Amino acid sequence: MAPLPIKFTEQLQLSAVGIQQASIGFNSCTLESDSFICVRQQTEGSAQPEVLIVSLKNGNSVMRRPIKADSAIMHWTKEIIALKAGGKTLQIFDLAQKSKLKSTTMSEDVLFWKWFSETTLGLVTDNSVYHWNIFDPAQVAPQKMFDRNANLSGCQIINYRVSDDEKWMVVVGISQQQGRVVGSMQLYSKDRGISQAIEGHAAAFGTLRLEDAPADTKLFTFANRSATGAKLHIVEVDHQAPNPVFQKKAVDIYFPAEATNDFPVAMQVSRKYKVIYLVTKYGFIHLYDLETGTTIFMNRISSDTIFTTAGDSEGSGIVGVNRKGQVLSVSVDESTIIPYLLQNPENAELAYKLASRAGLPGADQLYQQRFDQLLAMGDYANAAKTAANSPQGFLRTPQTIEKFKNVPQQQGQLSVILQYFGMLLDKGKLNQHETLELARPVLQQNRKHLLEKWMKEGKLGCSEQLGDIVRLHDVALAQQIYQEAGASQKVIAAMAESGSFDQILPYSRSVGYSPDFNALLQHITRINSEKGAEFATSLAREDPNLIDIDRTVDIFQSQGMIQQATAFLLDVLSANKPEQGHLQTRLLEVNLLNAPQVADAILGNEMFSYYDKQRIAQLCENAGLMTRALEHYEDPVSIKRCIVQTDKIPEEFLINYFSRLTVDLALECLDEMLKVNIRQNLQAVINIAKKYSDLFGPTRIIDLLEKYRTAEGLYFYLGGIVNISNDKDVTFKYIEAATKMGQMQEVERICRESDSYDPEKVKNFLKEQKLTEQLPLIIVCDRFNFIHDLVLYLYKNQQFKSIEVYVQRVNPARTPAVVGGLLDVDCDENIIKGLLSSVSPESVRIDELVSEVESRNRLKLLLPFLEATLAAGNQQQAVYNALAKIYIDSNNAPEKFLKENDMYDTLEVGRYCEKRDPNLAFIAYRKGQNDLELINITTENAMFRAQARYLIERADPEIWSYVLSDNNIHRRSLVDQIISTAVPESQDPEKVSIAVKAFIDADMPVELIELLEKIIIEPSTFSDNANLQNLLMLTAAKSDRGRVAGYIQQLDNYSPEDIAQQCIEVGMYEEAFLIYKKANQHVEATNVLVDHVVSIDRAQEYADQVDLPEVWSKVAKAQLDGLRVPDSIESYIRAQDPSNFQEVIETATHAGKDEELIKYLRMARKTLREPAVDTALAFCFARTNQLPELEEFLRGTNVANVEESGDKAYQEGFHEAAKIFFTSISNWAKLATTLVHLGDYQGAVECARKANNVKVWKQVNEACVAKKEFRLAQICGLNLIVHADELADLVKQYERNGYFDELISLLEAGLGLERAHMGMFTDLGIALSKYHPERVMEHLRIFWGRINIPKMIRACEEAHLWPELVFL
């Protein structure tokens, strides 16, 4: 048997890697490529589902991830997983990078999805199809491609395929119709935007290069099994001219007879072999030729359904998974397929094409024969085609070329050899021999562009020999050929020859070839200096050891290439290494001699650290680069030699440079700069001194500048630091220098703004200078309070104008001190008055002015000024204070001024008046309410009447507290004036009340009573004042109780409630009773008698007097609390008050006063409908045995709790009453129990029958048994024994009392009951075994089927009834 044309392999068994059988299916197991299998499963006992990813190309390793999703599919080759949750939420994760790539939420459920390319997912929903490029950042959400056709409605989508150019798409679905699976497809053209509905189960796209076609033909193939047969269709889509038209193929698909319900489920087209792989549901594999549709092979590879497939990554075969979890792969066996096909002569042409198309072995002999035949026939074109298409190119030999070269060329036709080469070029790449043979005629014909074209297309087999031929025509093309051929030396030579120096080093690195770079560099530099420099730099960057740097610099210098040498060295020396110090020096030296600006820039970048600094410093000085020279010099002599040339040094550098010097050296340099050229260098020295003033010290700098007598230098230096310096000498020196420079405005500014100078020293200096403008001196004296010195100096020098300037412009507030100074030097009053008149009153502190003048006893001097100030509208208090003092001293109607004017300071003026006139002081203090001062002045001068009137008028509790304190030795004198004068004179109730309260707060009851009697008892405005009457009575109640009764009779406007309550609190109950009685507040009066006097009899007498219901109610409550129940009930009835019925019922019941209670309750029922009242009345009838009244009451309308009353009557033994209660509400259960106690057993049984309650039956039964009423007891017993739970207790009761026959009679009577149960038959048998053993056998024979036999056996054993036991 010939070997099979396929390779069939089981790659993996999924169950072997931990995948459960239940998870192997279309919905949970996905296969997108031959790289990964993705399975969703949840193992038993696991908390959450997981996704298992099997890497088929990594030793079948398994990656587990705890992921909950509806679907999961892996990318073709990358560790990227696509997840779907909830039907709409899609997420893409990169598992290798542990990051989310994209996510989106669809508007409708995704029914099917798959990767159709390395970048894009296809999504099929209910209504549409979408594409989603995962790696395109611009495509955030899936893009809609087309809407689904109606023919897919109701179908399960099982596949979605897209052509390689993504212009054609097909959706595949299946559905159950008429007992078979029908396939439906929707084919969509993107360019045309139209769809076509097709019947089919599986589909795929492929490409095929037809014979003599310039481009591939795009094909669409699909398979369908209908009710009438199965077909494989291959059709062309998007035909492109000039390709030949592909003839549509439709071939039958063979299904075995036993595979009636089999149908295609998957299809893949091999890119490599152009073979169609078709898989069916029953596990059959079909192989068809894509071009002809010819069946190559068909066999069954799986007994289970292969539910998912994918093409392999090489494009040669197909991979699938079946229901058992087998991962199967099928591909063409290259070594056997051609021999397999050649077994059938009809397949010779197919074998010939397949071998050519895929380069398969096995058809060599066939090709050789055909080639020889064609040559012999002279069909050279087809012979060339046969050789070009030979499998694995076995006919593409030099011999074949020689044969074609020897063929004579036909007139007007292309030579056979060139036709042959054309075919080879169309097919692919030439070998080296073919390329050489083709290149020679092409170059001879000067058609080099063809070689360039073929070279770009990768169709030439390059060799060193080919490069040598081409080099004569094109060095660049030859270089490419050398590179392809691997001739490194010749490549570098070509690069140097063409000037491509930048390519040499990368190429050398890439191929690992090391030429002599020094010689090569010298050669390149001679040809092109710029390229040489670039080449040297690139070499040095890659590896400085490749070239000799010193030799390279020599090469550049020998060519005069200073700029290139500089650039090269800058690159080489960028690492700034110590061993490169001589090269750094050489670089700087070359540029300082030839290009100082370049050297300056290099030094400015601070690139190097190891050059010869002394040498470079000298060269910098020679080149005029003073800044660089100073940076490098370290000896003081050289530094001072350079630093004096400030015209060549930037000022900023110079200033910063001094920060590097020691203080002493810096000062020496400044000295040298001033000594050499003070005019040129003075400004620089000043700027440096300002910058480093704190470091050098202002004193040393000042000494230096004074050494050269430069006031200008001092002025500008100190001007720069005076505003930030706190040194007093610095400020003074600056004032001194500014004065010498005539900068008086600056002197004024410093004197005004600075705090860092000695004012005494500056004052004396300014006085010594005899300045024409005294403003600086005035400012100093004003700031530091040298007013008297200033006034004395200006007065002596007759500079009255300066004094005016001072008080008018500089500081008008100093006017008081100036006036004081002028008075001290005995200045003419007219001058002072004139000075005051020139000053604005608003700017003068009048109080200070008055103080200055008043201290010198010249106050009258200010009268004109003050009156003018007042007339000008100035309302300062000090003005009025001064006027008041002047009027007091001059006795110019002071009382009028003090009373009418409100603007002066009463405290100040009052104190001024105390020693002069106490009455005036009283007026001032009274106006200003200066309480303590007024009290002191009136007390000291025995002015108690005035003080008393002020206190009433002031009405301030704190002041009252102060004057009425125990510490006031004059309190009595003051109180007498208050009582006799101040209070009677007052007409203001509020103020009098405050005075009274003050007496209360001071705890002066006696004085308070005197005061109140004065204003209440005696006729006055306040005689009828209720508050005062209340206060009088309260005070008397506390301090003098004997007066209270008289006040009660005398006064009428007091508040009886408050006063009576106060009397009660202090134990004056009779007075309280009198107050309530006088006020006709009878209830409150009764309360006093009951609660405080505790005399119920007096309360009852008082109630008889007033005869009011509320009074009787109060008396009744008191009588009830005192357990005088009949009296209480009588009082309640007189009050017609049933409100306290609960307490009355409870108390009367306990006291056994039922007859009186019945009267009360009858009264209460007239107005109340309360259950408690009716219940209590009913029970009173029961207790008093008024049964007819009880029956009548119950028949009438009532709200009594009858059942509760009956229960209570029953408990207390009033059975006849209980019978009435229970009968009225038809409570048969309780009535039955009651009748038992009354001995009415027949009635009890009747009631028990009505109640039909087990408990009642039990109670009546027990009572009847106890009374030996066995007939009635049996009636009750029959209602009990039907309850199995009650039977045992009933049996024990009868047995305990010895009523055995009655028990047997009861049980026998119960056997005929409908509810008779096994327990009754069993207990009757047991009773018979105990008491009538002779009847046991008869009972057993009749009822053995309804007896509990084990229980009966034990009873017979105990009774020794052996025949009966044998029977059982």
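Since we're looking at a predicted model, the values are computed, not measured.
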Among pairs that include at least one residue of residues 959-968, which meet salt bridge (charged side-chain N to carboxylate O under 4.0 Å, His left out), considering only residues two or more places apart or in two chains?
Asp966-Arg971
Tell me, please, which residues at least two apart from Asp758 pass salt bridge (Lys or Arg N to Asp or Glu O under 4.0 Å).
none
Main chain of Leu964, side chain of Asn968: is a donor-acceptor contact present, judged purely on distance under 3.5 Å?
no
Per side-chain contact (heavy atoms from CB on, under 4.5 Å), Lys927 is matched among Thr906, Leu934, Asn901 by Thr906
Check: Asn919 main-chain N/O paired with Asp917 side-chain donor or acceptor under 3.5 Å
yes
